[in-house]
Amino acid sequence: MKPIVTRFPPSPTGFLHIGGARTALFNWLYARKTAGKFILRIEDTDAARSTADSVDAIFNALQWLGIDWDEGPYFQTQRKDIYARHIEKLVASGHAYYCSCTPDEVNAMREAARANGLKPMYNGRCRERGLSKSDNTVVRLKTPDTGVTVVEDMVKGDTAFQNAEMDDFIIQRSDGSAMYNLAVVVDDITMGINTIIRGDDHLINTPKQILIYKALDADLPVFGHVPMVLGQDKARLSKRHGAMSVEEYRKMGYLPDAVINYLVRLGWSHGDQEFFTRKDLIEKFDLAHLGRSASMFDMQKMTALNARHIQAKSAQELAPALLPLLKDQGIAAEDDTFTHKVIETLQPRSKTLVEMAASARFYYVDAPELDEKAAAKFLTPDTAGILTRAADAIESLTDFTQENLEAVFKKIMADCDLGFGKIAQPLRVAITGTTVSPGIFEMLLALGKDKTVYRIRRALSIIASGSS
RNA sequence: GGUCCCAUCGUCUAGUGGUUAGGACGCCGGCCUCUCACGCCGGUAACCCGGGUUCGAAUCCCGGUGGGAUCACCA
């Protein structure tokens with residue numbers, strides 16, 4: 001059996017959006033799953049809209065997602081000779097012909113057809129004229145007038161198109177450049193691509209492409225047209241309509257593994273499983289379970305998945321992605337061991353890395369910024385006694401362990417006849433400045449004895465000065 | 001408008017003739033508990049409509065409705 005060869009052919013006319021990423025993912029996953037090959041091809045023939053920045057943005061986004069390619073990137077603008085050669089071959093074999101009709105003339109034909117209630121099409125005027133190449137001639141493919149072209153699609157099933165519905169479409173412009181359908185097919189043939197997974201907006205192009213394959217006497221690839229991704233308003237997600245770049249998700253603190261997991265599940269399923277590691281996906285992805293209907297992008301669900309991936313990672317894995325976010329706040333987290341402990345306390349309560357970075361702030365500042373309401377409620381003369389006892393007892397500990405800390409608090413609880421909550425909240429505010437934080441013990445242990453005592457003493461001095 | 005695609009809880013989906021229609025996100029309760037989370041338990045909520053086929057349809061067929069894609073010397 002021949003190895004699977006797939007591809008992802010973005011147009012560099014903007015950032016890589018979520019829908020494009022999903023298509024890339026499906027192709028990549030299928031190649032990896034089958035130990036095949038995944039090729040990247042940049043379709044940059046639209047000179048007016050293609051930019052080098054977009055090319056970089058696409059590379060960066062794919063790299064961030066962990067989608068690597070085995071071959072390429074190829075650039076269509078560098079393959080003009082190849083297209084020209086194939087077009088000449090088609091003309092020579094009688095499958096295509098030169099046409100000298102001007103755009104105005106073709107428009108007139110379309111209008112005329114429309115006026116007669118017919119489909120607006122080029123009428124084939126130059127088809128048998130035997131014209132040769134000259135300025136302003138285009139090349140058209142001679143398409144059958146009768147019969148049907150059937151697209152055998154892995155996800156949509158068989159779809160039949162009437163050949164009579166297709167006109168002799170242009171494959172080469174008057175300036176000699178190749179049109180999209182021709183370039184794609186020639187690329188796919190010459191690159192050995194045998195499996196094409198793409199958006200179902202291409203389904204209607206497919207019969208035209210099949211005709212080109214046949215005219216070129218090439219084997220047909222396997223097609224799979226996946227449905228579009230819709231935005232919250234149920235409108236199709238596109239670059240100009242609410243589709244965020246994958247770069248945006250990185251900035252918002254999403255993990256690439258979570259984005260991949262979410263994207264793949266949007267239109268593919270494996271029974272009831274929701275959480276997938278990258279390894280799972282490569283192992284389990286298949287074409288048979290691709291969905292046939294469009295799906296709506298749901299940020300909340302992706303966020304929930306992100307939280308699960310954050311929990312599933314180790315602090316060591318998370319740290320490199322968190323550090324820049326800390327740096328944005330002016331925090332230079334230099335002590336890796338400390339940062340790893342910090343991360344561990346925050347993992348179960350962070351849905352995104354951005355959230356985690358914000359929650360981590362109090363660990364790194366010299367003294368926490370006090371929340372006014374929290375301080376007013378918990379840093380009072382009433383709690384000063386408890387805090388003093390805590391500071392003294394903790395300071396005298398030779399081993400700063402959870403066991404010893406528990407003993408310290410147990411004693412205060414007994415001496416003052418208080419529940420743990422009465423001690424924990426003032427302490428929490430003293431340490432973090434707010435009433436919300438990781439658990440007392442894990443937090444203190446991460447922070448260490450000196451900083452703990454320092455912060456409690458500082459809170460006490462604030463109480464003493466009556467400034468809260 | 002022509003052509004083509006699609007249709008299960010609000011959302012993502014499982015389901016391939018016989019299920020109390022399952023899971024996940026969200027939402028609502030409860031438990032756990034030093035706060036917030038996590039976790040756990042429970043609840044809310046769906047087969048677009050109408051015809052067939054069949055002993056029996058979410059599943060098969062036809063029609064309707066609704067949504068989407070596409071109709072270029074763009075990709």
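Note on naming: letters A, B, ... go to the chains in the order of the sequence lines (proteins, then strands), and numbering restarts at 1 for each one.
Only the P atoms considered, B:rU70 is 49 Å distant from B:rG30, to the nearest whole Å. Atom P of B:rC9 sits at a distance of 16 Å from the matching atom of B:rG23, rounded to the whole Å. Comparing the same atom, P, in B:rG42 and in B:rU8 gives a spacing of 27 Å after rounding to whole Å. The C1' atoms of B:rG22 and B:rG63 are separated by 32 Å, rounded to the nearest whole Å. Comparing B:rC71 with B:rA57, their P atoms are spaced 42 Å from each other, to the whole Å. Taking the P atom of each, B:rC31 and B:rA37 are spaced 15 Å apart, rounded to whole Å. The same atom, P, is picked in B:rG68 and in B:rG50; the two are 24 Å apart, to the nearest Å. With C1' as the reference atom, B:rG18 and B:rC28 are 34 Å apart, rounded to whole Å.
With a cut-off of 3.5 Å on both pairing distances, the Watson-Crick or G-U wobble partner of B:rG29 is B:rC41. The partner of B:rU35, taking Watson-Crick or G-U wobble pairs whose two distances both stay under 3.5 Å, does not exist in any strand shown. Base pairing analysis places B:rA7 opposite B:rU65; the two distances defining the Watson-Crick or G-U wobble pair are each below 3.5 Å. In this structure, B:rG2 forms a base pair with B:rU70, meeting either the Watson-Crick or the G-U wobble geometry with both donor-acceptor distances under 3.5 Å. If you check B:rA46 for Watson-Crick or wobble pairing at under 3.5 angstrom, you find it has no partner at all. Judged by Watson-Crick or G-U wobble contacts below 3.5 Å, the nucleotide B:rU54 has no partner.
Checking B:rC5, B:rC73, B:rC12 against the side-chain heavy atoms of A:L203 singles out B:rC5 as nearest. Comparing B:rU70, B:rC38, B:rA75 by their closest approach to the side chain of A:K351 singles out B:rC38. When distances run from any side-chain atom of A:T159 to the nucleotides B:rA7, B:rC73, B:rC5, the shortest one goes to B:rC5. Here the nucleotide nearest the side chain of A:S293, chosen from B:rC36, B:rC73, B:rC6, is B:rC6. Closest to the side chain of A:A304, out of B:rC12, B:rU35, B:rG26, is B:rG26. Minimum atom distance to the side chain of A:R110 is reached by B:rC73, of the listed B:rU70, B:rC12, B:rC73. Considering only the side chain of A:D46, B:rA75 comes nearest among B:rG23, B:rG2, B:rA75. Side-chain proximity of A:H202 to B:rA75, B:rG2, B:rC73: nearest is B:rA75. When distances are taken from the side chain of A:D272 to each of B:rA14, B:rC12, B:rC34, the shortest belongs to B:rA14. If you check B:rC73, B:rC34, B:rC38 against the side chain of A:P348, the one that comes closest is B:rC38.
Within the 4.5 Å cutoff, the side chain of A:I431 has heavy atoms near those of the A:L444 side chain. Residues A:D44 and A:V55 have side chains not in contact (no heavy-atom distance under 4.5 Å, counting atoms from C-beta outward). Contact of the A:N163 side chain with the A:T146 side chain is not registered, since no non-hydrogen atoms from C-beta on lie closer than 4.5 Å.
A straight line from CD of A:Q209 to P of B:rU70 spans 14 Å, rounded to a whole angstrom. With rounding to whole Å, A:R361 atom CZ is found 19 Å from B:rC36 atom C1'. As rounded to whole Å, 20 Å separates atom P of B:rU3 from atom NE2 of A:H225. Look at CG on A:D298: it is 15 Å from P on B:rA24, rounded to the nearest Å. A straight line from CG of A:N181 to P of B:rA75 spans 9 Å, rounded to a whole angstrom. Regarding A:R308, its CZ atom lies at a distance of 15 Å from the P atom of B:rG23, rounded to whole Å. Rounded to whole Å, atom C1' of B:rA7 lies 15 Å from atom CE of A:M296. Summarising the geometry, the separation between CD on A:E165 and C1' on B:rG1 is reported as 13 Å, rounded to the nearest angstrom.
The aromatic ring centroids of A:Y122 and A:F169 lie 6.0 Å or more from each other. Not less than 6.0 angstrom separates the ring centroid of A:F59 from the ring centroid of A:F8. Aromatic ring centroids of A:Y262 and A:F297 lie under 6.0 Å apart.
If you check every strand for non-hydrogen atoms under 4.0 Å, A:R292 touches sugar and phosphate atoms only. At the heavy-atom level, A:C99 lies nowhere under 4.0 Å from the strands shown. The residue A:Q172 sits apart from the nucleic acid: no heavy atom pair falls under 4.0 Å. A:D175 comes within 4.0 angstrom of no nucleic acid atom, judged by non-hydrogen atoms across all strands. A:F161 comes within 4.0 angstrom of sugar-phosphate atoms only, judged by non-hydrogen atoms across all strands, and of no base. Residue A:S295 is classed as a sugar-phosphate contact, given heavy-atom separations below 4.0 Å to backbone atoms only. Residue A:P9 is out of contact with every strand shown, counting any heavy-atom pair closer than 4.0 Å. Backbone-only engagement by A:G267 is indicated by non-hydrogen atom pairs under 4.0 Å involving sugar-phosphate atoms exclusively. Base contact: A:I440 has a heavy atom under 4.0 Å from a base atom. Residue contacts shown for A:T45 are limited to sugar-phosphate atoms, with no base heavy atom under 4.0 Å away. Heavy atoms of A:E274 sit under 4.0 angstrom from at least one base atom. Residue A:G421 is in sugar-phosphate contact alone, with no base atom involved, counting any heavy-atom pair closer than 4.0 Å across all strands shown.
In this model, a side-chain donor or acceptor of A:R349 finds a partner on the base of B:rC36 within 3.5 Å. Applying the 3.5 Å distance criterion, the base of B:rC5 shares no donor-acceptor pair with the side chain of A:K156. For A:S437 against B:rC36, a side-chain-to-base donor-acceptor contact under 3.5 Å is absent. With hydrogens and angles ignored, no donor-acceptor pair closer than 3.5 Å exists between the side chain of A:Q300 and the base of B:rG26. Between the base of B:rC34 and the side chain of A:R428 there is a donor-acceptor pair shorter than 3.5 Å.
A salt bridge is defined here as a Lys NZ or Arg NE, NH1 or NH2 lying under 4.0 Å from an Asp or Glu carboxylate O, and A:E88 with A:R85 fails to meet this definition. Ion pairing between a basic and an acidic side chain is recognised when a charged N comes within 4.0 Å of a carboxylate O; A:R349 and A:E344 show no such pairing.
Place A:R49 and A:H270 on RNA chain B by their nearest nucleotides, and A:H270 ends up nearer the 5' end. Residue-to-nucleotide proximity on RNA chain B shows that, of A:V155 and A:K119, the 5′-proximal contact is made by A:K119.
OP1 and OP2 of B:rC36 both lie 4.0 Å or more from every side-chain N or O belonging to A:T434. Of the side-chain N and O atoms in A:S269, one or more sit less than 4.0 angstrom from OP1 or OP2 of B:rA14.
Side-chain atoms of A:E317 come within 3.5 Å of backbone N or O of A:S314 as a donor-acceptor pair.
Ring-plane geometry between A:W268 and A:F285 is classed as tilted, the angle between the planes lying from 30 to 60 degrees on a 0 to 90 degree scale.
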